[in-house]
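As structure tokens, the structure follows; a few thoughts come after it.
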Number of protein chains: 2
Amino acid sequence: MVSGRLLLSVAVLILCGCQGAHSGNVLVFPGEFSHWLNMRVILEKLVERNHSVTVLICSASPSVNYTKPEGFSFKVYNVPFERHDLESLQEDFLNFWMYEAQNASMLQVGLKIRDVLGRMTALQLNMCDAMFHNEELMHTLRQWKFDAVLSDPMMPCNQMSFFERVHNFVMYMMHSSLFYIHCLVTMDKYYSGIKGRPTTFCEILGKADIWLIRTYWDFEYPRPFLPNFKFVGGLHCKPAKPLSEAMEEFVQSSGDDGIVVFSLGSMIKNLTKERGNTIATALGQIPQKVLWRYSGEKPETLAPNTRVYDWIPQNDLLGHPKTKAFVTHGGTNGLYESIYHGVPMVGIPLFADQPDNISHMKNKGAAVMVDFNKMTSKDLVDGLNSVINDPSYKESMMRLSRIHHDQPMKPLDTAVFWIEFVMRNKGAKHLRVEAHNLSWYQYHCLDVAAALLAIVALVIVVSIKTCIFCFRKCCKKAKARQKTE
Amino acid sequence: MVSGRLLLSVAVLILCGCQGAHSGNVLVFPGEFSHWLNMRVILEKLVERNHSVTVLICSASPSVNYTKPEGFSFKVYNVPFERHDLESLQEDFLNFWMYEAQNASMLQVGLKIRDVLGRMTALQLNMCDAMFHNEELMHTLRQWKFDAVLSDPMMPCNQMSFFERVHNFVMYMMHSSLFYIHCLVTMDKYYSGIKGRPTTFCEILGKADIWLIRTYWDFEYPRPFLPNFKFVGGLHCKPAKPLSEAMEEFVQSSGDDGIVVFSLGSMIKNLTKERGNTIATALGQIPQKVLWRYSGEKPETLAPNTRVYDWIPQNDLLGHPKTKAFVTHGGTNGLYESIYHGVPMVGIPLFADQPDNISHMKNKGAAVMVDFNKMTSKDLVDGLNSVINDPSYKESMMRLSRIHHDQPMKPLDTAVFWIEFVMRNKGAKHLRVEAHNLSWYQYHCLDVAAALLAIVALVIVVSIKTCIFCFRKCCKKAKARQKTE
């Protein structure tokens, strides 16, 4: 079953041509975590193509290391909170989602989401304040020509039974309403304040010239999209580089059984003892060697076939010929590395867009999904054995891989082309739909329908009134005649 | 104002991967007239890339000369009518549309369209019969791997006042209903007969893997589209080749004033004496030299600055640096040559999609529109003077030209890429939306909405009934108590 996509999760790069001339000055508002990793790939390519790139970053950024020298430059602005505040908020949410949400009531989950959204929004607005009320920063920014902003879209899904469609419809309505209310009470007000006139979050977002979407049709269900959507999923994927000597030795020691790569992403640093042991026990039961990225406490049940690493060269491992399966939380970056190299997956989604991502891969026959909270060791072993031994998973993944590689242009080149297009042409207004300028009732033609219905109603009323009038007149005459007779 | 697009007119190439392996055998069902010119460009490119191309053509084709040797081969099947029958039908319709439709009532126009549609459909079905009931042909076709079929989509338009939107809404509904009824009574029945099970024209069309659309965002208003739509408008355009010596001499004799290129397309062979003279008089009043493609009788008022040609190298003339304006009926091919070379236009649309095409260009500031039936010589002169002397027309056209040339891939390469993609991958099912498999009420979520409304209604009814029941019980008790008291 496919659930509606969560709001917090999927980000796209939005690209706006501001007053810009044909200059190569690029200003970047990066996202955090995996989004930053993705963005960096584009920035490096832009620098390689001789553009001057400046990344605007707040002093508390949890994932952008602005002290390290890069090909692009950083412009840091101070915020009245610390990196630690963002991290603890994130950890709090992650812990709730991973361990408590399963047993919580709908109301509790709703309240928690509201609480986290509220705190997150407060920090965000704090960050915006620190930016907009920083005169020196604003002065500098006015010199720059382009923006790149991160945002979250949503989308409905496909091939569902009637009850799935009901569920989808209700969830979609709920998400839309929640998002709308959230925007109305916080973002819209804030943006109106900054702009000095009534505006909405959506209006600001709608000004984007190009949306670089971090997926492609290997992953997405086919659906209509707008001409300024450019799909660049997997732009960070590259052919595998050789592994370190020690790691290669361990990988080769797996023989014909091959290896399994395991990572729950960069955000999960620790697991409960119980979950850690469940996973370790499962990994000990398969004939493959396992490379597990995990920086938490070593589980007691860790078997000799499993090695734990603080960090792994994930792309290089997934591209290794010995790799049989990838156990993943289902973040977009890892997912695309898996598609790129054609490695079937066992998905243990945790939160945000991850359940939806793994659903997509499961429906396409390239993944097995396991529930993080409820899974036993057996569940994980069964999942691994399925994707490794049932050839259909590998075949499905290879099909997606072929689709991914069989594009007219490489995703990174597409991204760079459209960034440079916006620079060359001072935007891309010819791709922006008129719908952005229509109100909701105009968009749905409700005013037109109402006018037409009103005309029809008027005609009917007038005809009936006329008929009644004539009828009465006839009756009167008839009665009058009767009387005179 | 922008009118809804007519049904008869805009064709796209549809590409289907049938049972095909990675073979380079291409089977082509071409369109006629300008569509054939367009298709030929793609076929030549495919032959250049070593594919074997066979064009399936009926013996009465009015525009495909299957006796002339080409890089691709023809498979001709006989039909029980002559080329002349198709041509006379077309001429009949053209004459009605160009000279009579303006003064005819809506009813007369409707009846004429029904008449022409009916006769056209009869010929089409005749053609289909000749194909499907030709055992030898069917046997040969079953050996081939791919299809290319021509079809007609429709689309709504943008940036309109309220009354334009009402007009658009009504026209759209009318066109949709007419199309639907036409399909229902003829095509659906025919296709169901051929397939041996109930099917619809739309279902058959919906099986297409890739749609190669003959436009791009330089011309189209931005709107949502499906992932298997590939925009290849202008794929036939090329840099200009040198003109013949005589023609170049005539062009150079224009001096700084430059030249005007005039063509109403390959379908218009003759004009009435009166219209011919109106045009010739107008052309005589401008300082430019005029090259007029016209194979009819020479108008008496033809001025020395105007030369009439049976045929002109239109693309080479439009790419000539002396060319100031293009007078055109607004067919897609000429329009794209004009965009490619950045030449502003005076549009004299005649029928089908031409009024809509010229409206697009007019709204984008790159053309003036003149009414063929009502125009005086002064109207045409004014139009020409505007696009030649008001620099905004040239600037707008150059902006469209920049958009056209600033694409990640050339349109012809895009077309070839997706044709070869379908060959390599036995189709492109991953780009086909699930909506094709939904009924209209599922597509609009009407069943879901109805189910939810029914539940709500049920809850309300049950609550009210319960309330009434309780209330009555209370009343009865109260009354009983009163009585006993």
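Letters A, B, ... mirror the listed sequences (proteins, then strands); counts begin at 1. The figures that follow rest on heavy atoms only: side chains count, while hydrogens, waters and symmetry mates do not.
Rounded to the nearest 0.5 angstrom, B/Met409 CE and A/Thr414 OG1 are separated by 10.0 Å. Between B/His430 atom NE2 and A/Tyr216 atom OH the span is 5.0 Å, to the nearest 0.5 Å.
When heavy atoms are compared at a cutoff of 4.5 Å, A/Leu226 approaches chain B by way of both its backbone and its side chain. A/Phe417 touches chain B through its side chain: at least one heavy atom from C-beta onward sits under 4.5 Å away, while N, CA, C and O do not.
By number of non-hydrogen pairs under 4.5 angstrom with chain A, the leading residue of B/Phe229, B/Phe231, B/Phe421 is B/Phe421. Comparing B/Ala449, B/Pro224, B/Pro408 by heavy-atom pairs within less than 4.5 Å of chain A, the highest count is held by B/Pro408.
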